[in-house]
Each structure stands twice: as C-alpha cells, then as structure tokens.
Amino acid sequence: MFHSSYIEISSSSLAHNIKFLKAQLSPATRFSSVIKGNAYGHGIEEFGKLAHTCGVDHFSVFSADEAYRLHQVLPRHVTIMIMGYIDDAELAWAIANDIELYIFSINRLEQAAIAARSLQKPARIHLDLETGMNRIGLDTAEIERAADIILKQPDAFELVGVSTHYAGAESSENHDRVTGQLNKYHLAVRSILQKGLKIKTLHTACSAAVMSYPETHLDLVRVGIMQYGFWPSPEIYQRYMGVSTDRTDPLRRLINWKSHVMSLKLVPSGEFIGYGKSFQASSEMLIAAIPVGYAWGYSRSLSNQGHVLIRSHRAPVVGIVNMNVLMVDVTGIPNVSLQDEVVLLGKQGNEHITVASFAELSTQLNYELLTRLPINIPRIIID
Ligand SMILES: *Cc1c(COP(=O)(O)O)cnc(C)c1O
C-alpha cells in the first residue's frame, strides 16, 4: 500500500441504509442518490459503483466535474442530474451524454438552447424554483419567461423536472418556512402546467424532508447524508427513535478510516512531546506515531483532544497534530507493535470513534467533516 491511511466503505451497510430509506417512500417515488462533495467524502467512483449495485439508477451531483467522474464509471442508462454548476463550455458535453441539468437562470436556459440546437439534441432540464431559500432558483417572473422560451423551442428542451430545495427541513424551528416553500412550489408548478408544459418529475425532498415531511416526497427524493448512515440532525434522529418500536439506530455508517503504527518510542517522565510545550509526560510513556495529520483532514483542533483505536483500546492524542503525523499515548495498552492497525474513525472491537464525537471536538458538522476527507486517500470496499 502506497498510502499512509485508507478508508473502508461497507457495502452491506449501504445496502441496509438504502433499503431503510426506500421503505420510507411509496413505491411510485424514485430514489436519487446525492453524491456531491466526493460522495460526502466516500469517493464518487467507489460509492457510485457500489450504490449502483444496490439498485440505485439516479444520481444527483453538484457540478459538471462530479458528473463527469460518475459518468466514467457507470453504465449509460443511469441518470445523472447536475443540481448546481456547469460552465457554458461543458453544456454540449452534458447534453450529448444525456446528463440532466438544473436551470436557475434565463441565461443558462438560453445557453442550453444554443448547445442543444448545435447538437440537434434536446437538453434534459429541470427548472429549479426559488421558493424561499433565496440561494439559487427562478423567481416568479423568470418562471414565466422560462416557460415561454421552452414553448417556443420544443426541439431544444426536454422538461424532465421541476425542483426546489428547503431552507432547513432538519429543524422544526423552520416548520413554517418549509411548508410555505412547499405551497409556493405547488403554485408555481400549477402556473407552469397552465402554460401548457408537461412535467415528468416533481422533486423537492432531501434526507430531512424525507423523514419529516412525507408530503414533499412527490415523484423523486434526493437523499444524501442518510445513505451514508448519518442523521441530518439530532432532532430528526430523536423523533424517529421516539416512534420506532425497535430501539436501535436503523442506519449504519459505511466508513472506517484506518492507518498503522509507524513508530514507537519510550519517553522519559518530564519530557515534552511534539512541537512546543502543549504536552509534558508526567511519567514514563509509550508513544506511538501515526502517519496521518491535518494534511489529510485530521483536524489540528484534535490536538490533545482526539482519540484513536489500537488493539481495541482508545488511545488519546498527545501533543499537537502535525501536518503528516500525530502521536498517541499507548502506555496502558498491552502488546502494541509496529504496523498495528489504527482506527481514526469507525470501529475496532467493541470501541467506536464516531464522526459525531470527532466533529464535536473539532467543531465541524458531520457533513463538513466527511467532505473534508481528502480525495487522495484510497477508498476500499469491504462487505
Ligand atoms: C445536498 C442536497 C440534497 C441532499 O441533502 P441531504 O441533507 O444530504 O439529504 C438534496 N438537494 C439538494 C439541492 C442538495 O444540495
């Protein structure tokens, strides 16, 4: 292995999560797997192929580069939908390869028409509507104009869907805002239909909306965080557990991040460990160096705070996390040897390092921590 650490992705856990999520939906609602942010750190290619073997045939990405990577590894009949950024120069590539795209500005629509006409192939588009998030999306006047443009050039467009995104479905604090958005969405959809356009797919829901607002499911749901085994918020988890008959978390994490012991050293009492004076040995200590640091997303704020697992024991991080190395105290752990497996994230024996604990200490959100796992750490599929 050329790399100092690697990330395992569990295929059986993914199959389990997808089954649970699909069970929340009516059979008529399609499931789209959201794989932006390098599949929330799991690796677009590896995760995409795995989800496909679990029966997923619709994927949502943020940008054209993610669509390109996924398109390289999946069969053509799989749907790929770009919810965000694409350069005008890449529009022709997307249309030629049946990649679907969100339209959130009139300019994007006009550019898509130009590319479609030159290819003599319709652009497969989704009109993304502004309903209250005030991020991207067509407002009322733009919807009207977009509908006119599409109606005038029936050969340039295939209107696949109409979408919107909720501004905080993971918290009941935003309940009125979310239901207001859904109402506004339905009104806009009606106005598009009244113009004489046909819409195949209505879609609005992310993970949190899937769990909290069944009325948002419509024809397709776009699920990210929950397929990876994480809840969108503690509130949604607690509400689900409150009504579930089974007392165990129905989701399973897919990720284990692992490395090995690189070096072992006995440090005399009174010596400082690592850069500076943040940690002083109060007695003789056995210190293991692990070849992972902040250059690979192991946050420096876990200095003197984080834990790793070695021989199924928790070992505390001592001293400052370096760019490429961190040190842990293994004094109390029997038989630690060079090359022992080290778990940075995930489980070993009966012990766990959860992303939540990790994220809390480093003051990052689940989403943020996962997507910061660098792209160049190998992802390995396990059962
Ligand atoms: C990220 C995203 C989703 C998925 O969100 P999760 O909370 O991870 O399920 C759905 N729709 C859009 C537009 C998104 O950007």
Side-chain angles (χ1 to χ4, degrees), residues 14 17-18 20-22 24-25 29-42 44 47-48 51 56 58-64 66-67 70 79-86 100-105 108 125-138 160-172 174 178 181-182 185 201-214 216-237 239-240 250-251 253-255 355-356 359 364-373:
L14 176 61
N17 294 345
I18 288 176
F20 169 78
L21 286 159
K22 285 190 172 170
Q24 312 306 308
L25 308 174
T29 301
R30 227 173 142 189
F31 181 90
S32 181
S33 167
V34 179
I35 56 128
K36 65 192 183 191
N38 199 29
Y40 294 50
H42 292 64
I44 283 187
F47 182 85
V56 174
H58 194 294
F59 290 87
S60 300
V61 301
F62 175 73
S63 50
E66 296 171 338
L70 192 64
T79 304
I80 302 177
M81 178 171 82
I82 300 177
M83 304 185 292
Y85 191 74
I86 179 167
E100 301 181 359
L101 29 122
Y102 271 29
I103 299 291
F104 41 79
S105 74
R108 164 60 44 82
I125 58 168
H126 296 252
L127 295 182
D128 188 44
L129 308 186
E130 170 55 55
T131 56
M133 180 151 177
N134 296 310
R135 183 172 70 171
I136 55 172
L138 303 165
V160 180
V162 173
S163 59
T164 198
H165 187 54
Y166 297 111
E170 70 284 350
S171 166
S172 57
N174 305 321
V178 168
Q181 284 188 269
L182 181 60
Y185 173 81
T201 320
L202 300 180
H203 54 107
T204 67
C206 58
S207 296
V210 164
M211 298 311 292
S212 297
Y213 300 94
T216 64
H217 291 184
L218 307 175
D219 299 316
L220 174 102
V221 296
R222 307 181 305 259
V223 177
I225 194 82
M226 287 184 78
Q227 38 169 359
Y228 306 103
F230 299 91
W231 291 81
S233 65
E235 179 186 321
I236 299 217
Y237 171 67
R239 191 173 328 125
Y240 177 82
L251 298 178
R253 323 284 176 265
L254 315 185
I255 269 193
V355 170
Q364 289 172 344
L365 211 61
N366 276 346
Y367 290 82
E368 186 180 349
L369 186 132
L370 289 167
T371 50
R372 280 201 191 170
L373 291 171

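As the structure lists them, so they are numbered: ligands from 1, and atoms in each ligand from 1.
A heavy-atom distance below 4.5 Å is not found between the side chains of Tyr166 and Met133. Taking 4.5 Å as the limit, some side-chain heavy atom of Arg30 sits within range of a side-chain heavy atom of Thr79. Using a 4.5 Å heavy-atom cutoff, the side chains of Ser163 and Met83 are not in contact. At a threshold of 4.5 Å between non-hydrogen side-chain atoms, the residues Met226 and Phe20 count as touching.
Relative orientation of the Tyr367 and Tyr40 rings is tilted, given thresholds of 30° and 60° on the angle between their planes. Between His42 and Phe47, the ring planes lie perpendicular to each other; the angle is over 60°, past the 30° to 60° tilted range.
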Pick out the protein N or O atoms lying less than 3.5 Å from any N or O of ligand 1, and list each pair with its distance.
{"unit_1": "ligand 1", "atom_1": "7 (O)", "unit_2": "Tyr367", "atom_2": "OH", "d": "2.8"}
{"unit_1": "ligand 1", "atom_1": "8 (O)", "unit_2": "Tyr40", "atom_2": "OH", "d": "2.5"}
{"unit_1": "ligand 1", "atom_1": "8 (O)", "unit_2": "Ile225", "atom_2": "N", "d": "2.8"}
{"unit_1": "ligand 1", "atom_1": "9 (O)", "unit_2": "Ser207", "atom_2": "N", "d": "2.8"}
{"unit_1": "ligand 1", "atom_1": "9 (O)", "unit_2": "Ser207", "atom_2": "OG", "d": "2.5"}
{"unit_1": "ligand 1", "atom_1": "9 (O)", "unit_2": "Gly224", "atom_2": "N", "d": "2.9"}
{"unit_1": "ligand 1", "atom_1": "11 (N)", "unit_2": "His165", "atom_2": "ND1", "d": "3.4"}
{"unit_1": "ligand 1", "atom_1": "11 (N)", "unit_2": "Arg222", "atom_2": "NE", "d": "2.9"}
{"unit_1": "ligand 1", "atom_1": "11 (N)", "unit_2": "Arg222", "atom_2": "NH2", "d": "3.3"}
{"unit_1": "ligand 1", "atom_1": "15 (O)", "unit_2": "Lys36", "atom_2": "NZ", "d": "2.6"}

